[in-house]
There are 2 protein chains.
Amino acid sequence: MKASALGPMESLSMTDRVENILREYLMDNGFKPGDSLPNETEIAQKLNVSRNVVREALSRLRMLGLIESRTRRGMIMAQPDLFAGIEKVMSPSILSHDNQKDLFELRLILEMGIAEFLFARKTDKDLEELEAIVNKQKGLKSLSREDEIEFHGKLYEMTGNDTFRRFQTLLFPVFDHVFKEYLEKGIHTDLPNPVSHADLFDVLKNGTAAQFRNAMYGHLMPYFTTTLQNGVQTS
Amino acid sequence: MKASALGPMESLSMTDRVENILREYLMDNGFKPGDSLPNETEIAQKLNVSRNVVREALSRLRMLGLIESRTRRGMIMAQPDLFAGIEKVMSPSILSHDNQKDLFELRLILEMGIAEFLFARKTDKDLEELEAIVNKQKGLKSLSREDEIEFHGKLYEMTGNDTFRRFQTLLFPVFDHVFKEYLEKGIHTDLPNPVSHADLFDVLKNGTAAQFRNAMYGHLMPYFTTTLQNGVQTS
DNA sequence: GATGTTTATTTGTACTACAAATGTAATTAT
DNA sequence: ATAATTACATTTGTAGTACAAATAAACATC
């Protein structure tokens with residue numbers, strides 16, 4: 001209907017365009033957390049759209065954590081949560097099968113890549129805590145999902161990279177689901193882990209980063225063979 | 001004002017709650033791409049809120065790619081785009097400094113972790129194409145940002161994991177920005193890469209995955225020393 | 001000067017209205 | 001009777017109005 005200064009029509013809705021305009025506006029003008037935005041009616045008038053459209057766009061930005069609003073004080077720029085969007089779709093029931101398989105592998109890639117940071121940042125306190133976890137698991141004949149999370153979660157923590165840790169944690173439910181699916185399909189070669197948590201701990205304590213990389217590959221071997229048996233997806 | 005069956009008030013807005021309800025509804029009822037949703041007025045009546053609130057919540061789901069709407073046909077479930085949300089905040093100008101530093105390291109972690117998949121999935125055609133890239137860069141005394149992207153981008157592609165590839169590509173602008181910042185602060189130890197692209201290619205062609213992991217560490221060494229000099233962030 | 005009260009502003013929610021798109025049904029022509 | 005056309009009904013997209021809630025600031029009172 002009205003195009004005004006909103007750019008080409010294409011197939012974007014007004015809300016889509018206003019969302020883009022607002023994001024660019026915030027980025028190009030160097031808005032920082034705490035800075036206050038113009039109020040809704042002002043934005044609507046400036047862009048020549050209804051307040052409805054503006055609010056739908058703002059609702060999206062609010063979901064991403066880009067803005068916050070308090071009554072009377074108006075809206076302010078906020079520190080966006082990097083994973084606010086992705087965590088809402090990170091579920092086996094809604095992701096495509098290809099996505100799930102890719103995320104399964106992504107977790108393996110991440111686990112294989114943390115060696116340098118572990119060795120650069122490990123502390124005696126970390127090692128003690130990890131040893132406690134390992135000892136607790138020593139008697140068990142098979143490790144539960146929680147045991148796995150506890151050990152590997154401690155490793156994520158030891159990387160000193162909280163974003164990495166959160167991302168890994170997000171990945172885990174999908175990883176778990178895909179692996180169960182593989183098991184049901186009988187793809188899994190039912191080998192016990194050639195490298196145990198205790199072995200990994202030992203290398204982390206006394207070995208080198210390069211040795212740890214190799215040990216981690218051994219530990220994840222069953223997962224690698226499982227996913228690599230399945231071939232490359234046809235994306 | 002009205003709480004109805006929407007759960008506790010807390011500090012969530014109506015829109016927040018309706019968004020959660022709708023996502024849970026879609027997930028719990030096993031909605032698959034193509035399945036049609038109830039129309040907006042019906043949802044509004046059922047939840048006892050205005051169509052406005054429903055539309056603000058739906059607007060969010062539409063942004064995530066969870067739903068699509070066509071006039072007359074109503075709304076249908078869609079295949080959500082895993083990165084739709086994250087790519088809108090993946091920018092140096094709006095991410096926190098801690099997030100940026102973490103993402104810088106995350107890229108290093110990912111690069112370090114791809115060896116197994118490269119060796120499991122590399123093809124002769126891939127190697128030829130990678131060799132062409134390497135040869136093109138052989139004469140240059142210093143590699144541009146585009147050169148780096150071309151070589152490493154080809155590696156991402158060779159992993160056969162498109163989700164990984166997209167994620168890496170998203171990360172690159174932040175990585176680049178953080179590294180430039182390090183350079184300005186004089187943190188960088190200005191060593192030439194001890195392991196070149198040509199070296200990496202050679203190991204990928206003739207060596208083993210374990211050798212490649214070590215070579216990649218050598219190649220990324222300047223970045224590792226840079227970020228590790230900077231200490232652990234205090235998140 | 002401290003404290004209570006009013007007022008103005010801005011977001012949050014609700015409601016109505018209508019245009020655009022389009023599948024379905026009805027109607028007309030051959 | 002079948003095909004083409006027309007009219008209708010449904011649903012999203014956008015606009016506009018209205019008002020409640022919250023609260024910061026201005027004002028009034030003691």
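These numbers come from a predicted model, not from an experiment.
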>> Please identify which of these residues, B:Tyr156, B:Phe83, B:Phe117, meets the ring-ring contact (aromatic ring centres under 6.0 Å, His included) condition with B:Phe164.
In response: B:Tyr156

> Taking all atoms of both residues into account, what is the closest heavy-atom pair of A:Gly30 and A:Asp35, and its distance?
Replying inline: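 Between these two residues, the closest heavy atoms are O-OD2, 4.3 Å.
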
> Hey, what bend do you get for the helix from C:dG1-D:dC30 to C:dT30-D:dA1 if you fit axes on five pairs at each end, rounded to 10°?
Replying inline: 30°

> Could you state the CD-P distance from A:Glu19 to D:dG13, rounded to the nearest angstrom?
Replying inline: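 Atom-to-atom, A:Glu19 to D:dG13, this comes out as 14 Å.
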
> Rounded to the nearest Å, what distance is computed from the CG atom of residue A:Asn52 to the P atom of nucleotide C:dA14?
Replying inline: 13 Å

> Looking at B:Ser50, does any N or O in its side chain come under 4.0 Å of the phosphate oxygens OP1/OP2 on C:dA14?
Replying inline: yes

> side chain to side chain donor-acceptor pair (under 3.5 Å) between A:Asn20 and A:Arg17: does it pass, once the steps are laid out?
Replying inline: CA-CA 5 Å; A:Asn20 291 333; A:Arg17 274 178 278 166; over 6 Å; no

> Would B:Asp98 and B:Lys101 pass as an ion pair if we require N to O under 4.0 Å?
Replying inline: no

>> With a 4.0 Å cut-off on N to O distance, would you call B:Lys154 and B:Glu150 a salt bridge?
In response: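 Looking at B:Glu150 together with B:Lys154, the answer is no, because their closest N to O distance does not fall below 4.0 Å.
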
> Would you say the side-chain atoms of B:Ser59 and A:Arg60 include a donor-acceptor pair closer than 3.5 Å?
Replying inline: yes

> Would B:Ser69 and B:Arg62 count as having a side-chain donor-acceptor pair, cut-off 3.5 Å?
Replying inline: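 B:Arg62 and B:Ser69 do have a side-chain donor-acceptor pair below 3.5 Å.
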
>> Generate the contact string for nucleotides 7-12 of chain C. Rules: B means base contact, S means sugar-phosphate contact only, - means no protein heavy atom under 4.0 Å.
In response: --BBBB

>> How about CG on B:Asp28, more than 12 heavy atoms from neighbouring residues, nucleotides or ligands closer than 6.0 Å, or not?
In response: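 Yes, CG of B:Asp28 has more than 12 neighbouring heavy atoms, counting only those of other groups under 6.0 Å.
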
